[in-house]
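One structure is given here, and the rest of the page talks about it.
By convention in this document, chain letters (A, B, ...) are assigned in the order of the sequence lines, proteins followed by strands, and residues within each chain are numbered from 1.
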2 protein chains.
Amino acid sequence: MQLDFKVRQNPALYLKDPESTEVGKSIVTHSIKMIYEIGYEKFTFKKVAQEIPTTEATVYRYFENKHRLLIYLIDLYWSFMEFQVMFHLNNVPTPEEKIKKIIDILVWEDNVGQIFTEFDQKSLYYIAISESSKTYLSKDVDENNKEMLFKPYKDLCASIASVFSEYNPDYPYARSLASSIIEISHFQYFFMHHLPRLCDFSKNKNPKELEAFLESVAFNSLKP
Amino acid sequence: MQLDFKVRQNPALYLKDPESTEVGKSIVTHSIKMIYEIGYEKFTFKKVAQEIPTTEATVYRYFENKHRLLIYLIDLYWSFMEFQVMFHLNNVPTPEEKIKKIIDILVWEDNVGQIFTEFDQKSLYYIAISESSKTYLSKDVDENNKEMLFKPYKDLCASIASVFSEYNPDYPYARSLASSIIEISHFQYFFMHHLPRLCDFSKNKNPKELEAFLESVAFNSLKP
DNA sequence: TCAACAATAATAGTAATACTATCAACAGCA
DNA sequence: TGCTGTTGATAGTATTACTATTATTGTTGA
């Protein structure tokens, strides 16, 4: 049996639904590939268009600008993450095991995923690490937030926070701890590979060590 | 008595030392003011030049590009933070009190600082929150890192980590915890004001609550 | 079957951005 | 006085981020 992942994205993210046509889907998959390769700053609509190939104007018909496209991709990531959390927490009996599983999902390893997606999951994971904070670290945050563009992130955060509260109902910072664990997982992974002196995992570059750190932060904070 | 803060910045950050001339100093202070107001994305050399007023080419004589200028400003921030940590930890007897003091410094409140700077400290703090991660979240990280452009951040991180190790010499993640505390302090402050559902402090927007969260994460993690 | 119409893509622009290259002024020194 | 070197001003260029217009295709009803 094959599990397919598909999300209904916020229509405010696009001008024309990229899922509705082949070109649209191409724009999404090629953008992921290209931002992964050259980074968000050097990524342009003209370059993806040439890669597909189609025209710049066609890309503009689907997405208002490259920032919206980035939010579209990152929302795809958050939704995919929440899907995975939902899927893997099924039948997990204790909140302790759930938390361990969540952390395992948050930190990428070359594990064979059972879930099929049209996009490359590893590329999207790396994009999320390097570019996700750029979606909200802009002067348009409040405006974007009103349009609910960050809902998938909030939903994932709420899901994780609810497991924290299940583990310890009296813990007062469940949501802050959830967003912190998510963000730490990203930038510690980045530090591990690029700025080793800012972390303690650069000797072995083993994601398992990062997971151990995240578990220690989570469980020590939550301990009643 | 007045305490003046001045740093010797990494010469790789500039083409001509902005501290050496009045125009140079103007570029720095006006850039801080302007990035605070309109954000890094909308900030251009032409705009600062008009504000000062001088010419675009003059700004380019001091800084290679706006990314280097941003690193210059953020390094100023990290150095200033470390200076404050050094200064305020003087004569603090226990590592526990030191950690509390560090967290107090990391989270901004409208406290009157005793240290004089040419730049506006509050603006620089807000820039650090929104823009600091953009200095390293780029495809040039490794190259920039080789040039030691992130040394001030690493130094601050090391200083904080050493206090953690003083508190508990057996704790294996001192540096990761230090960088995590720094980053958490930034984005939780940001969430508090812009994405309230991602944290637990938005009701009162009281920095003291954020400090309490940071203390709980730090001390629970470090507990022997 | 085919004209009318709408939807989509392709072409050709424009304004702003991120730089570069050249030129002019003047300051210090022999 | 004239040489030199540094600073700042002027004027450019390539790229980016978008817009407006034109061409093409596909669909529908007489």
Side-chain angles (χ1 to χ4, degrees), chain A residues 11-31 34-35 37-73 131 134-135 137-140 143-144 149, chain B residues 11-31 34-35 37-73 131 134-135 137-140 143-144 149:
Chain A
L13 285 168
Y14 51 76
L15 299 172
K16 175 183 164 68
D17 188 359
E19 284 299 305
S20 66
T21 65
E22 284 306 311
V23 198
K25 287 178 198 168
S26 250
I27 292 169
V28 172
T29 55
H30 281 84
S31 294
M34 195 165 242
I35 295 177
E37 283 164 0
I38 65 174
Y40 176 68
E41 275 72 33
K42 285 175 187 156
F43 168 85
T44 69
F45 278 11
K46 197 173 197 173
K47 286 176 189 167
V48 238
Q50 282 169 339
E51 190 88 4
I52 289 177
T54 180
T55 59
E56 203 185 351
T58 301
V59 184
Y60 272 103
R61 174 131 333 98
Y62 287 87
F63 294 99
E64 206 184 322
N65 54 50
K66 76 169 183 170
H67 190 242
R68 288 268 156 150
L69 170 55
L70 179 67
I71 301 178
Y72 182 95
L73 300 180
E131 324 290 0
K134 294 172 191 169
T135 59
L137 290 179
S138 84
K139 284 284 168 186
D140 308 325
E143 207 179 307
N144 290 163
L149 304 193
Chain B
L13 285 167
Y14 49 77
L15 299 172
K16 175 183 165 65
D17 188 358
E19 283 300 305
S20 66
T21 65
E22 285 306 309
V23 198
K25 287 178 198 167
S26 250
I27 292 170
V28 172
T29 53
H30 281 85
S31 294
M34 196 165 241
I35 295 176
E37 284 165 358
I38 65 174
Y40 177 66
E41 276 70 35
K42 284 177 189 154
F43 168 85
T44 70
F45 278 11
K46 198 173 195 171
K47 286 176 188 168
V48 235
Q50 282 170 338
E51 190 87 4
I52 289 178
T54 179
T55 60
E56 204 184 353
T58 300
V59 184
Y60 273 103
R61 184 147 338 200
Y62 286 87
F63 295 99
E64 208 183 320
N65 53 52
K66 78 170 182 168
H67 191 242
R68 288 267 156 149
L69 171 56
L70 179 66
I71 302 179
Y72 183 95
L73 299 180
E131 324 288 0
K134 294 172 190 170
T135 59
L137 291 178
S138 84
K139 283 284 169 187
D140 307 325
E143 207 180 306
N144 291 163
L149 303 193

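Heavy-atom distances to DNA chain D give each of B/S20 and A/A57 a nearest nucleotide, and the one nearer the 5′ end belongs to B/S20.
At a threshold of 4.0 angstrom between heavy atoms, the contacts of A/K42 with the nucleic acid are absent. Counting any heavy atom pair closer than 4.0 Å across all strands shown, A/T54 reaches sugar-phosphate atoms only and no base atom. Nucleic acid contact class of B/T44 (heavy atoms, under 4.0 Å, all strands): sugar-phosphate only. Using a 4.0 Å heavy-atom cutoff across all strands shown, A/F63 reaches no nucleic acid atom at all.
Going from atom OH of A/Y40 over to atom C1' of D/dT16 covers 12 Å, rounded to whole Å. When the P atom of D/dT15 is taken as reference, atom CD of A/E41 falls 19 Å away, rounded to whole Å. Nucleotide C/dA15 holds its C1' atom 10 Å from the NZ atom of B/K46, rounded to whole Å. For B/L15 and C/dT20, the CG to C1' distance is 13 Å, given to the nearest whole Å. Taking atom CG on B/L69 and atom P on C/dC19, their separation rounds to 12 Å, with Å as the unit. Atom CG in B/D17 sits roughly 15 Å away from atom C1' in D/dT7 (whole-Å rounding). Per the geometry, CZ belonging to B/F43 stands 18 Å off P belonging to C/dA16, to the nearest Å. B/E56 places its CD atom 13 Å from the P atom of D/dA9, with the value rounded to the nearest Å.
Comparing C/dA18, C/dA9, D/dA9 by their nearest atom to the side chain of A/V23 picks out C/dA9. When the nucleotides C/dT11, D/dA9, C/dA18 are ranked by their closest atom to the side chain of B/K66, C/dA18 comes out on top. For A/R61, the side-chain atoms get nearest to C/dA9 when compared with the rest of D/dT7, C/dA9, D/dA17.
At least one side-chain nitrogen or oxygen of A/T58 sits closer than 4.0 Å to the OP1 or OP2 atom of C/dA10. Close to D/dT7, at under 4.0 Å from its OP1 or OP2, lies a side-chain N or O of B/K16. Close to D/dT7, at under 4.0 Å from its OP1 or OP2, lies no side-chain N or O of B/Y60.
Residues A/T55 and A/T58 approach most closely at OG1-OG1, 2.8 Å, considering heavy atoms.
Judged by a 6.0 Å distance limit and a 45° cone about the ring axis, B/K66 is positioned over the six-membered ring of B/Y40.
Side-chain atoms of A/I27 and A/F63, non-hydrogen and from C-beta on, do get closer than 4.5 Å to each other.
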_Before you tell me yes or no, could you show the steps for A/H67 and A/K134 under side chain to side chain contact (heavy atoms under 4.5 Å, CB included), namely the whole-Å CA-CA distance, both residues' side-chain angles and the distance that decides it to 0.1 Å?_
CA-CA 9 Å; A/H67 190 242; A/K134 294 172 191 169; 5.8 Å; no
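The OG1 atom of B/T135 sits 8.5 Å away from the CG atom of B/N144 when rounded to the nearest 0.5 Å.
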